[in-house]
Each structure stands twice: as structure tokens, then as C-alpha cells.
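To keep things clear, I will list the structure first and then write my remarks on it.
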Amino acid sequence: METLTSAGHSLYFESGLEALKNLLESNKYSKVFILADEHTSEICLPVFQSMMDDFSEFDLIETSAGEENKNIDFCIGIWKTLLDFEADRKSLLINLGGGVITDMGGFIASTYKRGIDFINVPTTLLSQVDASVGGKTGIDIDNVKNMVGTFTLPQMVFIETGFLKTLPKRELLSGFAEMIKHGLIYDKTYYEKLKSTDYLTPSAEDIYRSVEIKNEVVTIDPHEKNLRKILNFGHTIGHAVEGYSLANDENPLTHGEAIAIGFVCEAALSIKNSTLTKEELKDISTYLLSLYPKYHIKKESFDTLLELMQSDKKNEDGNILFSLLENIGKCTFNCRVSTADILSSLDYYNSL
Ligand code: NAD
Ligand code: ZN
């Protein structure tokens, strides 16, 4: 479809194969590594290779799938593997997978020998519309999401919606949450359009609109000094619920399921602490509850959730800072909110 210029690197949408082939065939890189998880190495790697004329000049590094593996132990293992393979500073790492692989692979590449080049080939809806764009890399420490990481741009991002054909329904629903977020914070018309879209079959046009919104915001504010903070809408509470669920639930919430809860809670906060109307809150809650399974936020988890929110990187001077909706389609940031209001927003979600 198109190429977007994203803060210094190219973001290819259903295009760019030639550019990628040329880059790999140039003498720029001494060695090429592909990082994939157990699923993407089996399902997506053959697709990627066939797109690339049976490209085979690489070493594969495979990890276990899942958020619980986005951690320092896996990084150490992968750094050591790179050393064993004698990767030098002219090596290239291709991250082939979802947000776990692009976040962790980006972090590994940005730190290995003080940084080697990497390319993101996102294969989940979530990573295509969000995680692979914008240069945030990172890993979780204990239950705190993305606690350690860097802002490092990939050489290029290569988005091919064909990868989504094999993605499980639950993962499509997870990625759809980030698309809804883009509508909520930036484009009401897009939000309304998504409301009548089947999350199982999002159009390339809709996916492209999300990539465009994310790219526009991060290009204006790459290092999250101001505007980029709006992308955190739903994530302060969402990340805490996700971290808690990961540590305590047998079948933990996906990132999208957790932030959908965060959207409802933070929309509730937006009534009292910003200018969102009750009608808009009702609209958002009804829509999200019609899509995402209802989760019960246990009363006994409230203190832990507050602690997790306190450890959020976005905080300043010990205050938990929120990005809140002014209305559907517009978001503001750096909002201070009382603990009582946060707890009421969790109660509000439970009451639905
Ligand atoms: P994920 O990487 O765990 O992928 C989900 C599952 O889908 C995995 O089991 C994976 O193996 C499988 N999979 C991937 N592609 C597939 C395909 N094409 N067909 C079949 N199965 C496939 O999870 P995710 O939802 O992609 O990403 C979540 C992560 O992204 C979180 O860690 C979150 O913090 C991060 N994130 C980062 C940013 C950022 O700006 N850096 C933004 C949003 C989210
Ligand atoms: Zn997210």
C-alpha cells in the first residue's frame, strides 16, 4: 500500500519487499539473525522466507512464546547465543513475531555490543498497529511491565497483513483494543467505524489508519515528552491489571484484554478529572463489554494494583499520572488523580 516515514526510518505497509531484499543483499551486514518465538518460527518464518525468494542466509534464534518470557533471563540467553554465533557490531537482528518479540528483540539489539541494527516484522495485529512502531523496546521486571528498555529505532518496519491469517481469535481481539484506543484518543470517526467492524476481519485500510495515527503521534514526540503520552490511555490501570493477572491467574489476560479494562476505568476517571461526558462513558463501556470478556478485579488485589501503578515509568515525583479523554477522539495527559478516584474507577468496572 504505502510507505510512511517514521522518525528517521521507513515503515512499509504491504510493500517494501524489494527494499528489504536489497538491504539483505547489500554488504552492509556481516551476519543476519532472525529472532522468533516457538509459534512464529513454525508458522511465520516459512511465509517470510517465501516472500523473500526463499531467503536462507540467517541463523534462527527461537524463544518460548508468551509475555512471561519477556524478561531478563531470556535476554541473557539470547545475548549469549549471539556471542556463541560470533555476532559482531555489523550483525542484523530481524524480529519476527508479536509485541513480545519486537519489544524484547529491539531491547536485545539496542544493547548487544552497545547496539546493532534491527528490523521489525510484526506478525500479530497488536504489533502491527502498535508495538513495532515508535522505537520503544523493553522487558518486564517481576510483574512490572516494560520496566527496563530503550528508545531505539529499527532500520525499518515491514508490515504485511497476510501474516494475520493464522492468528488466533483471542490475539486478533487483543490487537483490536489498540485500534480502538487510536480512535478514542485521536479520531472519533475511526472509533465509530470500528464499532461496526468485525474484529476477526479488520480491513487493511483500518489497520493502516491505526499505523498512521501511531506514527503521526510518535513522529511529533518520539521521546514521550508530551503528546506521545496520549498513547498511554488505558495503560496505567491496564498494565497494573495485566501484571497482576500474569502473576496470579491460571489463564492470564492478554495485553488487549487488560487495556480494554483500563479504557473503561480511565474513561470513568475522565468524567471527574477531565471533560468526558457520562453518555460517552456509557458508550465506551457498553461497546467494550460487548467485545471483551468481563473480568472481576478482586477487592484484595486493589492494593497491589495501586503499587503496580506507582512503579509505572510515566510517574513523576511519586504521583501517578494519567492520560485522560476530553471527549471521544481527544485525549489529554499528565493528569493527577486521587487514590479514591482510582479505586472508584475499579469499582465502576466491577459494577458493569
Ligand atoms: P505476543 O508477541 O505474545 O504474540 C501473541 C501470540 O501470538 C504468541 O503466542 C505468538 O507466538 C503468536 N503469534 C504471533 N504471530 C502469529 C501469527 N501470525 N500466527 C499465529 N500465531 C502468531 O503478543 P502481542 O499481543 O503481539 O504483543 C504484546 C506485547 O506488546 C506486550 O508485551 C506489550 O507490552 C507490547 N507492546 C509494546 C508496545 C511498544 O510501543 N513497544 C506497544 C504495545 C504493546
Ligand atoms: Zn498497549
Side-chain angles (χ1 to χ4, degrees), residues 6 35-48 62-71 74 95-107 110 120-140 143-154 157 159-182 184-185 210-211 214-215 217-218 222 224 228-239 241-243 246 252-263 266 312-313 323:
S6 172
L35 179 69
D37 69 28
E38 65 204 276
H39 304 139
T40 59
S41 72
E42 193 190 322
I43 302 168
C44 305
L45 185 54
V47 179
F48 180 65
E62 192 184 298
T63 69
S64 307
E67 181 72 30
E68 65 277 21
N69 302 310
K70 197 177 112 176
N71 63 37
F74 268 79
N95 299 316
L96 179 73
V100 167
I101 289 296
T102 56
D103 271 16
M104 185 162 71
F107 177 65
S110 73
N120 285 338
V121 185
T123 60
T124 62
L125 182 59
L126 187 139
S127 57
Q128 296 195 343
V129 299
D130 197 353
S132 69
V133 179
K136 273 191 184 178
T137 80
I139 53 166
D140 307 334
N143 303 320
V144 186
K145 291 268 305 163
N146 306 323
M147 195 58 217
V148 171
T150 63
F151 280 103
T152 314
L153 291 171
V157 181
I159 297 176
E160 179 56 62
T161 56
F163 283 119
L164 304 179
K165 283 187 203 135
T166 53
L167 197 64
K169 285 182 184 176
R170 195 175 175 205
E171 299 302 338
L172 282 165
L173 186 58
S174 180
F176 201 66
E178 303 283 6
M179 295 171 72
I180 296 171
K181 179 189 77 180
H182 292 142
L184 285 172
I185 60 171
S210 259
V211 174
K214 166 109 196 217
N215 189 46
V217 172
V218 303
E224 203 170 307
R228 185 171 179 161
K229 294 184 185 186
I230 66 173
L231 293 167
N232 295 325
F233 172 68
H235 282 64
T236 307
I237 292 179
H239 272 160
V241 172
E242 186 181 3
L246 199 60
L253 294 167
T254 60
H255 180 70
E257 287 163 352
I259 59 166
I261 297 168
F263 297 160
E266 296 184 22
D312 198 295
K313 307 159 298 304
S323 299

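The residues of the chain are indexed from 1 along the displayed sequence. Remember, it's 1-based here, ligands and their atoms both numbered in the order they're listed.
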Quick one: does ligand 1 sit under 4.0 Å from the side chain of [X], the backbone, both or neither, non-hydrogen atoms only?
X	answer
Ile43	side chain
Ala65	side chain
Gln128	neither
Glu171	side chain
Lys165	neither

**Asked** Does ligand 1 have an atom under 4.0 Å from some heavy atom of Cys44?
**Response** yes
**Candidate pair Thr40 and Thr123, rule side-chain hydrogen bond (donor to acceptor under 3.5 Å, both in side chains), full reasoning** = CA-CA 8 Å; Thr40 59; Thr123 60; 5.4 Å; no
**Request:** Flag Asp130 as yes if one of its N/O/S atoms falls below 2.8 Å of the Zn ion (ligand 2), otherwise no.
**Result:**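 So Asp130 does not bind the Zn ion (ligand 2) by this criterion.
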**Request:** Identify the protein heavy atom lying closest to atom 11 (O) of ligand 1, giving its residue, its atom name and the separation to 0.1 Å.
**Result:** Asp37 OD2, 2.7 Å
**Prompt:** Looking only at protein heavy atoms, which one is nearest to atom 9 (O) of ligand 1, and how far off is it?
**Reply:**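 For this ligand atom, the closest protein heavy atom is His39 ND1, 3.0 Å.
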**Request:** Please work out the angle at the Zn ion (ligand 2) defined by atom NE2 of His235 on one side and atom NE2 of His255 on the other, rounded to 10°.
**Result:**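 Rounded to 10°, it measures 110°.
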**Request:** Just jot down the ligand 1 atoms closer than 4.0 angstrom to any heavy atom of Thr166, in number order.
**Result:**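 Those of ligand 1 that fall under 4.0 Å from Thr166 are 17 (C), 18 (N), 19 (N), 20 (C).
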Quick check: does [X] get an N/O under 3.5 Å from an N/O on ligand 1?
X	answer
Glu67	yes
Arg228	no
Thr137	no
Ile101	no

**Fill in**
Closest to atom 44 (C) of ligand 1 (heavy atoms only, candidates Leu231, Thr63, Val100, Leu126) is Leu126
**Request:** Take the angle between the ring planes of His239 and His255 and call it parallel below 30°, perpendicular above 60°, tilted in between.
**Result:**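 Aromatic pair His239/His255 classed tilted.
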